[in-house]
Amino acid sequence: MTTNSVSSTANEAAAATEAQRYRSLLAAARGLVRCDAAALLRLDGDVLRPLAVDGLSDETLGRQFPVASHPRFARLLESERGLRFAHDCGLPDPYDGLVAGQPGILPVHDCMGAPLRLRGATWGLLTLDALDAGTFETVGPAQLDALVALVETGIEAAHTIQEMEARAMREQAVAQALRSGRGATRELLGSSPAMKQLCSEIDTVAVSDLTVLVLGETGVGKDLVAQRLHARSRRSDQPLVQVNCAALPETLADSELFGHKRGAFTGAVQDRNGKFEIADGGTLFLDEVGELPLTVQAKLLRVLQSGELQRPGSDRTLKVDVRVIAATNRDLPAAIAQGRFRADLYHRLSVYPLVVPPLRERGRDVVALAGGFLEENQHRLGARNLRLSPAAKAALLAHGWPGNVRELEHVISRASLRAFREQRRGARWTAIEPHHLALEAAAAGGPAAPPAPPAPAPAGQHAGVASGGATLREATEAFQRAWLADALARHRGHVANAAREAGIDRSNFHRTLRKLGVPRPESTP
């Protein structure tokens with residue numbers, strides 16, 4: 001085993017141990033004070049992030065709670081020794097509908113909590129919640145103080161054993177995101193075996209300068225993999241420069257990557273640095289690298305081999321120190337066989353390949369991801385406590401997600417808007433139900449107006465596809481095949497127009513046709 005592998009394994013083991021310690025703290029807290037749910041939330045700037053929950057649903061861990069948007073949390077942080085809220089308190093409860101194991105979305109009737117301090121500074125919050133009013137009436141100040149002391153001691157122990165290098169890497173990732181101008185940062189999220197394996201592989205290769213090729217379907221989050229690779233590398237304090245190769249016109253791709261000298265071509269009125277020079281000392285992320293023209297592929301190969309480049313129009317050779325991460329959803333070996341991609345470049349890029357698992361292979365990660373997207377939409381819309389109903393969670397888990405995380409994000413955004421529009425005045429939460437998700441329309445390839453609650457069979461000329469004893473997936477695929485064939489017929493084989501009607505990009509439309517075995521037109525516009 002290499003040194004890097006040992007280090008990565010140690011980091012993963014430390015993270016797992018820390019998470020288990022937090023869960024054990026909550027279990028101990030619930031042993032001292034009877035409640036239905038408990039949570040540890042860490043204060044990160046102006047945002048509270050759940051690190052461990054006991055008795056709350058999975059989606060809670062995917063959320064983040066800006067203090068300014070949650071007055072109960074703000075009151076708890078401002079308190080000296082913690083406090084209990086009256087059962088008829090008018091402040092919205094951030095946990096309404098998030099208590100696990102309930103048949104529906106239920107309100108929290110009794111809640112209390114206290115600020116947690118570490119080395120003289122506010123670390124976060126301990127919160128305790130109950131569905132029955134009056135549960136915490138017998139909990140006095142002395143018992144709450146003892147509970148807080150127990151949890152703070154455990155947090156102190158967790159921080160003592162936490163590796164400083166891992167903490168520094170997380171801070172650098174946040175700083176890099178802020179430097180690049182993103183308001184809210186996103187990270188790879190999920191606790192499924194597939195995601196744990198991916199994160200372990202990322203951490204193994206991140207500390208090296210090996211070229212990485214990130215592979216995966218459209219919408220799985222390949223850009224987040226690149227960000228994590230850079231944030232956990234020795235170059236994390238240097239720029240991460242991203243290039244979407246699919247958006248580069250062939251005539252400008254050379255100049256965009258390698259720069260040019262004044263007068264190199266018509267319109268080159270001044271010298272320009274290319275992306276390789278801008279990324280010198282840092283990382284260059286080549287997204288959709290399979291779309292690069294062959295002429296540019298040859299120059300890219302030279303830079304990867306020698307670290308040297310020439311600007312178009314210049315005879316001078318420039319030396320650059322750049323770590324390259326490339327990503328694609330294309331089958332590059334097939335492209336090589338068709339003469340559209342260089343085999344030698346492929347082998348240079350795929351020194352360390354990483355495969356990002358599709359969402360359908362990530363189990364309950366979909367619920368945690370949905371929780372994060374709900375939190376974003378909640379603040380964007382000004383909605384009160386967007387919550388998934390148990391039926392909506394089941395629908396999310398049953399869906400096939402051909403568009404992966406990006407599809408989930410769009411489904412949640414549309415569902416949030418529909419549910420917000422229907423919200424009753426003064427309601428404590430906004431419940432998202434299966435008809436808000438409209439996953440039947442998503443399975444057919446595009447968004448639609450909110451449907452009524454599902455009928456026994458879908459209406460329309462293909463209503464019979466779900467009959468005959470087929471499974472849900474078989475019926476869904478049959479409906480998709482029929483819908484796509486009709487769309488192509490309606491647009492006389494014009495794929496771009498059919499994809500536009502479906503509400504998905506053309507490459508994803510082609511992929512769906514291949515997956516379902518729908519014949520494509522002989523001439524694809």
Side-chain angles (χ1 to χ4, degrees), residues 37 39 41 46-50 53 55-74 89-109 111 127 129 131 183-186 189-190 359 364-399 401 405-439 441-442 447 449-451 453:
L41 301 103
D46 296 324
V47 175
L48 285 164
R49 303 178 187 275
V53 298
L56 295 175
S57 68
D58 296 342
E59 68 170 285
T60 312
L61 290 173
R63 290 176 175 266
Q64 54 184 0
F65 301 94
V67 176
S69 302
H70 295 281
R72 291 203 186 208
F73 285 158
C89 174
L91 297 177
D93 193 308
Y95 295 146
D96 278 347
L98 291 180
V99 179
Q102 302 303 313
I105 299 178
L106 299 179
V108 174
H109 287 299
C111 64
T127 61
D129 292 271
L131 295 174
T185 61
R186 285 185 178 175
L189 185 67
L359 187 55
R364 294 192 64 84
D365 282 357
V366 66
V367 179
L369 288 164
F373 294 140
L374 282 173
E375 195 68 29
E376 292 177 9
N377 282 279
Q378 177 172 295
H379 302 302
R380 187 182 301 130
L381 295 172
R384 174 175 288 188
N385 293 350
L386 285 172
R387 297 292 183 261
L388 291 168
S389 72
K393 291 179 186 178
L396 291 177
L397 291 168
H399 188 57
W401 301 113
V405 180
R406 187 177 300 140
E407 180 189 0
L408 173 63
E409 178 183 4
H410 295 166
V411 165
I412 294 298
S413 296
R414 294 193 294 267
S416 299
L417 183 59
R418 291 164 181 156
F420 178 61
R421 187 176 61 185
E422 297 175 5
Q423 184 182 25
R424 302 189 315 276
R425 186 178 183 85
R428 292 181 62 173
W429 61 76
T430 304
I432 292 181
E433 301 290 349
H435 69 275
H436 295 131
L437 298 172
L439 290 177

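Side chains are part of it too, since the values below use all heavy atoms of this structure and drop only hydrogens, waters and symmetry mates.
Side chain of D58 to backbone of D365: no donor-acceptor contact under 3.5 angstrom is found. Proximity of a side-chain donor or acceptor of S389 to a complementary backbone N or O of I432 within less than 3.5 Å is detected. Formation of a donor-acceptor pair under 3.5 Å by the R387 side chain with backbone atoms of D96 is found in this model. Although no hydrogens or angles enter the test, the distance criterion places no donor-acceptor pair under 3.5 Å between the side chain of R63 and the main chain of G372. Not a single donor-acceptor pair under 3.5 Å links the side chain of W429 to the backbone N or O of Y95. Side-chain N or O atoms of T60 include none that pairs as donor or acceptor with a backbone N or O of L56 at under 3.5 Å.
The shortest non-hydrogen separation linking A370 to L408 is N-CD2, 4.0 Å. Closest non-hydrogen pair, L189 versus A368, comes out as CD2-O, 3.8 Å.
L41 has its side chain within reach of T127: a pair of non-hydrogen atoms, C-beta onward, lies under 4.5 Å apart. Looking at heavy atoms from C-beta onward, E375 lies out of side-chain contact with R380 at the 4.5 angstrom threshold.
For the atom pair CD1 (I412) and CG (L386), the distance works out to 9.5 Å, reported to the nearest 0.5 Å. A distance of 11.5 Å separates OG1 of T430 from CG of N377, quoted to the nearest 0.5 Å.
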